[in-house]
Amino acid sequence: MHGRPKTEDGPPTRIIALPGDGIGPEVVDAALAVLRCCREVFGIEVEADVLPVGGAAIEECGEPLPEEVLKACLESGVVLLGAVGAPRYDDLPPHRRPEKALLRLRRELGLFANLRPVKLHSALLDASPLKPGIVESSDILIVRELTGGIYFGEPRGRKKEGEKRVAYNTEVYYDFEIERIARSAFESARSRRGRVTSVDKSNVLDASQLWREVVVEVAADYPEVELIHMLVDNCAMQLIANPRQFDVILTNNMFGDILSDEAAMLTGSIGMLPSASLGEERGGVPAGLYEPVHGSAPDIAGRGIANPLAAIASLAMLFRFSLRRDDIARQIEAAIGHVLMRRVWTPDLAGPGGASVSSQEVVTRLLASLENPQKLKSG
């Protein structure tokens, strides 16, 4: 057995780590080093099985998500993922490409809510491409619906009509899919600043009109939370012009995919963004897949310069949501802030010509902070 059956109560004692491709193995190694440190410092009993996924699984097993890997993920219910994809797999048939592993994992684990915190650390104020006066104090949570919409809707495909080629995808949402993700957003807003901005394209799309109707219905159950509606094109502009107006952004699968990558630039680097994809709770614990947003970045793979902080922050989210150890999550996040304040930066943060360190140096300094909690308290 790779982990507890999901019908048992309580947090799991074994998670599944899927390093994947590109810089995925490097950043997952960093996160697992933090996990080992937390085992020693906090006395927790959590182990990790490391298994192949994406291109690495194609090379080893001939398919992006081998059945035995999927079975292990389902048994554990908690997955830490690096990244999948590389240019050498771009010519494979669509069903065999590395990215299919990620889509199937989300579907099989029932992960419908993707949470992407976008928070600018004060130490990185000058690292953002936007003016400090615009991005200072930005703190946004993007809540993205993950299992519906145009990425999964049917019919879809390609065909020929005489001499013409045509391709089509379908945007499909059921009311229950919208309701459950909306509740996730409103529940999150309750513990933040009490504002939800629901992003759609209701002036054009029927699916967005249903989205807005259902969100309004859900909002009635949360009178203490302010609801604002915003069209996606305006939201894309407002994220750059005035990001501090946002607290929780609620949106569909495709819009969330695009807006969260745009929002990454507020933090100074896409290498700073973690994410958690959560499903229904079973035994009091939600199924969860935790991954950095940055992708496989094959151009820097193997060079020892990948920013490990998004993967480590994703591990913190794993502790918070799946292991129910918010205390450890806060300690990890404090350690991340500690190394950032001391300008222990990889090249993506330092910028061209800036003083930078290796990925390993970041991990070494962060572990030293975790092993000495008094250092964190003293700043």
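All values derive from a computational prediction rather than experimental measurement.
Annotation: side chain of Gln245 is not in contact with side chain of Thr197 (no heavy-atom distance under 4.5 Å). Within the 4.5 Å cutoff, the side chain of Ile249 has heavy atoms near those of the Leu239 side chain. Annotation: side chain of Arg330 is in contact with side chain of Arg320 (closest heavy-atom distance under 4.5 Å). Side-chain contact between Trp345 and Leu340: present, with at least one pair of heavy atoms (C-beta onward) separated by less than 4.5 Å. With a 4.5 Å cut-off on side-chain heavy atoms, Asn242 and Arg244 count as touching. Residues Leu124 and Leu349 meet the side-chain proximity criterion, which asks for heavy atoms closer than 4.5 Å. Contact check for Cys73 versus Leu105: side-chain heavy atoms found under the 4.5 Å cut-off. Side-chain contact between Val172 and Glu154: absent, with no pair of heavy atoms (C-beta onward) separated by less than 4.5 Å.
Remark: the backbone N or O of Ala57 is not paired with any side-chain donor or acceptor of Glu60 at under 3.5 angstrom. In terms of modelled atom types and a separation under 3.5 Å, the side chain of Ser369 and the main chain of Arg365 share a donor-acceptor contact.
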Go through Thr267 and Val118 one step at a time and tell me if the side-chain contact (heavy atoms from CB on, under 4.5 Å) criterion holds. CA-CA 7 Å; Thr267 68; Val118 182; 3.7 Å; yes
Test side-chain contact (heavy atoms from CB on, under 4.5 Å) on Ser198 and Leu227 and set out the steps. CA-CA 7 Å; Ser198 178; Leu227 171 62; 4.0 Å; yes
Where do Ile178 and Leu210 land on the side-chain contact (heavy atoms from CB on, under 4.5 Å) test, with the steps shown first? CA-CA 9 Å; Ile178 303 169; Leu210 177 62; 3.9 Å; yes
Start with the C-alpha distance between Arg97 and Glu63, add both sets of side-chain angles, then the distance that settles salt bridge (charged side-chain N to carboxylate O under 4.0 Å, His left out), and finish with yes or no. CA-CA 8 Å; Arg97 292 184 59 174; Glu63 54 184 313; over 6 Å; no
Are Glu99 and Arg104 close enough, and set up right, to give a salt bridge (charged side-chain N to carboxylate O under 4.0 Å, His left out), and what steps lead you there? CA-CA 9 Å; Glu99 293 78 11; Arg104 189 179 179 196; over 6 Å; no
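When the salt bridge (Lys or Arg N to Asp or Glu O under 4.0 Å) test is applied to Glu47, the partners found at least two apart in sequence or on another chain are Arg39. For Ser260, the side-chain hydrogen bond (donor to acceptor under 3.5 Å, both in side chains) partners are Arg116, not counting sequence neighbours. Residues satisfying the salt bridge (Lys or Arg N to Asp or Glu O under 4.0 Å) test with Glu262, not counting sequence neighbours, are none. For Arg325, the salt bridge (Lys or Arg N to Asp or Glu O under 4.0 Å) partners are Asp327, not counting sequence neighbours. With sequence neighbours excluded, no residue forms a salt bridge (Lys or Arg N to Asp or Glu O under 4.0 Å) with Arg303. Checked against ring-ring contact (aromatic ring centres under 6.0 Å, His included), Tyr222 has the following partners two or more places apart in sequence or in another chain: Phe186.
A single hydrophobic cluster is seen to contain both Tyr290 and Val50, as judged by linkage of ILVMFWY side chains at heavy-atom distances under 4.5 Å, directly or through other members. Connection of Leu80 to Leu366 is established within a shared hydrophobic cluster, with ILVMFWY side chains joined at heavy-atom distances below 4.5 Å, either directly or through further cluster members. Criterion: ILVMFWY side-chain heavy atoms under 4.5 Å apart, direct or through other members. Under it, Leu266 and Leu309 are part of a common hydrophobic cluster. By the criterion of side-chain heavy atoms lying less than 4.5 angstrom apart, applied directly or through intervening Ile, Leu, Val, Met, Phe, Trp or Tyr residues, Val216 is grouped together with Val214 in one hydrophobic cluster. One hydrophobic cluster holds both Ile258 and Val293 under the rule that ILVMFWY side chains link at heavy-atom gaps under 4.5 Å.
A pairwise comparison of heavy atoms in Ile23 and Ala297 identifies CG2-O, 3.7 Å as the closest pair. Shortest non-hydrogen contact noted between Ala30 and Pro308 is CB-CB, 3.6 Å. For the residue pair Ala56 and Gly20, the shortest heavy atom distance occurs at CB-O, 3.8 Å. Contact between Gly85 and Ser296 at its shortest, heavy atoms only, is O-OG, 2.8 Å. The two residues Cys38 and Phe319 make their nearest non-hydrogen contact at CB-CZ, 4.0 Å. Between Ser356 and Ala350, the shortest heavy-atom contact is CB-CB, 3.8 Å.
The hydrophobic cluster of Ile228 has no other members, since no ILVMFWY side-chain heavy atom comes under 4.5 Å of it. In this structure, Val166 shares a hydrophobic cluster with no other residue, the cluster being traced through Ile, Leu, Val, Met, Phe, Trp and Tyr side chains under 4.5 angstrom apart.
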Compile the donor-acceptor pairs under 3.5 Å between side chains in residues 132-153 and protein atoms, sequence neighbours left out, one pair per line.
from, atom 1, to, atom 2, distance (Å)
Ser138, OG, Val135, O, 2.7
Asp139, OD1, Arg192, NH2, 3.4
Arg144, NE, Asn253, O, 3.0
Arg144, NE, Asn253, OD1, 3.0
Arg144, NH2, Asn253, OD1, 2.8
Glu145, OE1, Thr147, N, 3.3
Glu145, OE1, Gly148, N, 2.8
Glu145, OE1, Tyr173, OH, 2.7
Glu145, OE2, Thr147, N, 3.1
Glu145, OE2, Thr147, OG1, 3.2
Glu145, OE2, Gly148, N, 3.3
Thr147, OG1, Arg180, NH2, 3.3
Tyr151, OH, Asp257, OD2, 2.8

Identify all side-chain donor-acceptor contacts of residues 229-236 below 3.5 Å with residues at least two apart in sequence or on another chain.
from, atom 1, to, atom 2, distance (Å)
Asp233, OD2, Lys201, NZ, 2.9
Asn234, OD1, Gln238, NE2, 3.4

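Other residues, nucleotides and ligands place no more than 12 heavy atoms under 6.0 Å from the CD atom of Glu45. More than 12 heavy atoms of other residues, nucleotides or ligands shown are found within 6.0 angstrom of OH on Tyr168.
With no hydrogens or angles considered, a side-chain donor-acceptor pair links Ser277 and Asn114 at under 3.5 Å. Checked by atom type, the side-chain pair Trp211/Ser202 shows no donor-acceptor distance below 3.5 Å. Side-chain contact annotation: Ser208 with Asp200, donor-acceptor N/O pair under 3.5 Å absent.
Listed by first and then second residue, the salt bridge (charged side-chain N to carboxylate O under 4.0 Å, His left out) pairs involving residues 213-228 are Arg183-Asp221, Arg190-Glu224, Arg195-Glu226 (not counting sequence neighbours). Applying the salt bridge (charged side-chain N to carboxylate O under 4.0 Å, His left out) test to residues at least two apart or on different chains, the pairs with a partner in residues 77-88 are Glu59-Arg88.
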